[in-house]
Amino acid sequence: MSGSGSDLKVAVVTGAARGIGLACVRRLLKSGFAVAMADLGSPTLDQSVSLLRTEGYEVMPLAGDVGDFGLVQQQAASVLERYGRIDVMVNNAGISQAKGLLDITEGEWDRILTVNLKGVFNWCKAVAPAMLGQGGGRIINMSSISAVTGGSAEAVSKFSYCAAKAGVLGLTRGLAKELAPTIMVNAICPGAIRTDLTEQLMLARYEQIRQTIPLKRIGTPDDIAVVVEFLATMDPCFITGEVLDVDGGQWVN
Ligand SMILES: NC(=O)c1ccc[n+]([C@@H]2O[C@H](COP(=O)([O-])OP(=O)(O)OC[C@H]3O[C@@H](n4cnc5c(N)ncnc54)[C@H](O)[C@@H]3O)[C@@H](O)[C@H]2O)c1
């Protein structure tokens, strides 16, 4: 399946090579989307693309840094050239930062904001004109419970990550209003999800973390992907500017 068949639905997922992003790609593929997979160029991205293609799915790799504005403009243009439309944008790429204020450097602060917040801006800026032009679209941004809680002593990431992820919530709410009624913009705040990003923490404190979660289990990438699929496909859709906590009840208050 390639080209721009009129009923083809197209999604872009960033941070798509592994973890939550890859689970989102799988869910969207099963829902009938062609998916452009944006991630840093790496063997992991190549392997994920190859595996999905051997399973018969239509995927398009986009190798590069979401923080590079010009590159993202080019990548969005290449998706539009190939498929003619972009229906769903999942801004999932993210990195952690374990350093506190006394240890972090200016460069490390800039990097976490560049990947986790500017990367979301870059892709929103790149896809919104096409979505407005085609008369519809959905943007789903990956924030974190840390945006609201400020993290915790044992969290993988500290304040700079929390700041970037809180920025994603403000961006989401602002763009939901600005791009309405054509584009729905929502965010997800995952809680503790077992991926490569959190593997060390999970190995060290799995049982302790599990006990703090009312649903009594650590989340999986598919726990997040199923919510992405819901926001991407629900019809009719009367949700925009919303933030969904997907954390097994850990931060219910
Ligand atoms: N795992 C959790 O518990 C958890 C909790 C809250 C929020 N999140 C968020 O969910 C998202 C996915 O997390 P994950 O656990 O799957 O992480 P992960 O590290 O397993 O996957 C992240 C992916 O993003 C890619 N990436 C990193 N920097 C990039 C860049 N500059 N440009 C393009 N791609 C880049 C990585 O190569 C990787 O494939 C992140 O935004 C993360 O902050 C995760």
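Residue indices begin at 1 and follow the sequence shown. Note that this is a predicted model, so its numbers are computed, not measured. Side chains are part of it too, since the values below use all heavy atoms of this structure and drop only hydrogens, waters and symmetry mates. Ligands are counted one by one from 1 in listed order, and the atoms in each one are counted from 1 as well.
With a 6.0 Å radius and a threshold of 12 heavy atoms from other residues, nucleotides or ligands, K177 has its NZ atom at or below the threshold.
Distances below 4.0 Å separate heavy atoms of K165 from the following atoms of ligand 1: 40 (C), 41 (O), 42 (C), 43 (O). Every atom of ligand 1 with a heavy atom of N92 under 4.0 Å away is listed here by number and element: 10 (O), 11 (C), 12 (C), 40 (C), 41 (O). Interface atoms of ligand 1 facing G19, defined by a heavy-atom separation under 4.0 Å, are 16 (O).
By heavy-atom distance, the residue among L71, V156, T195 lying nearest atom 14 (P) of ligand 1 is T195. If you check each of D39, D65, N122, I209 against atom 25 (C) of ligand 1, the one with the closest non-hydrogen atom is D39. When T114, I20, I193 are ranked by how near their heavy atoms come to atom 44 (C) of ligand 1, first place goes to I20.
With salt bridges taken as basic N to acidic carboxylate O contacts below 4.0 Å, one links D65 and R111. Using a cutoff of 4.0 Å between basic side-chain nitrogens and carboxylate oxygens, D196 and R18 are scored as salt-bridged. Contact check on E207 versus R210 returns a salt bridge, with a Lys/Arg side-chain nitrogen under 4.0 Å from an Asp/Glu carboxylate oxygen. The pair E229-R26 fails the salt-bridge criterion, with no side-chain N (NZ, NE, NH1 or NH2) lying under 4.0 Å from an Asp/Glu carboxylate O.
Residue, atom and distance of the protein heavy atom nearest to atom 32 (N) of ligand 1 are V66 N, 3.0 Å. Shortest contact from atom 42 (C) of ligand 1 to any protein heavy atom: Y161 OH, 3.6 Å. Looking only at protein heavy atoms, the nearest one to atom 21 (O) of ligand 1 is R18 NE, 3.6 Å.
Within the structure, ligand 1 has R111 among the residues with a heavy atom less than 4.0 angstrom away. Contact annotation: G64 has at least one heavy atom less than 4.0 Å from an atom of ligand 1. Using a non-hydrogen distance threshold of 4.0 Å, C189 does not register as a contact of ligand 1. In this structure, T14 does not count as a contact residue of ligand 1, since none of its heavy atoms falls inside 4.0 Å of the ligand. Distances shorter than 4.0 angstrom occur between a heavy atom of G191 and an atom of ligand 1.
On a distance-only criterion, A38 and ligand 1 share no N/O pair closer than 3.5 Å. Note: no N/O pair closer than 3.5 Å links G67 and ligand 1 by distance alone. For the pair V115 and ligand 1, the shortest N or O to N or O distance does not fall below 3.5 Å.
Annotation: the span from R85 atom CZ to K9 atom NZ amounts to 10.5 Å, rounded to 0.5 Å.
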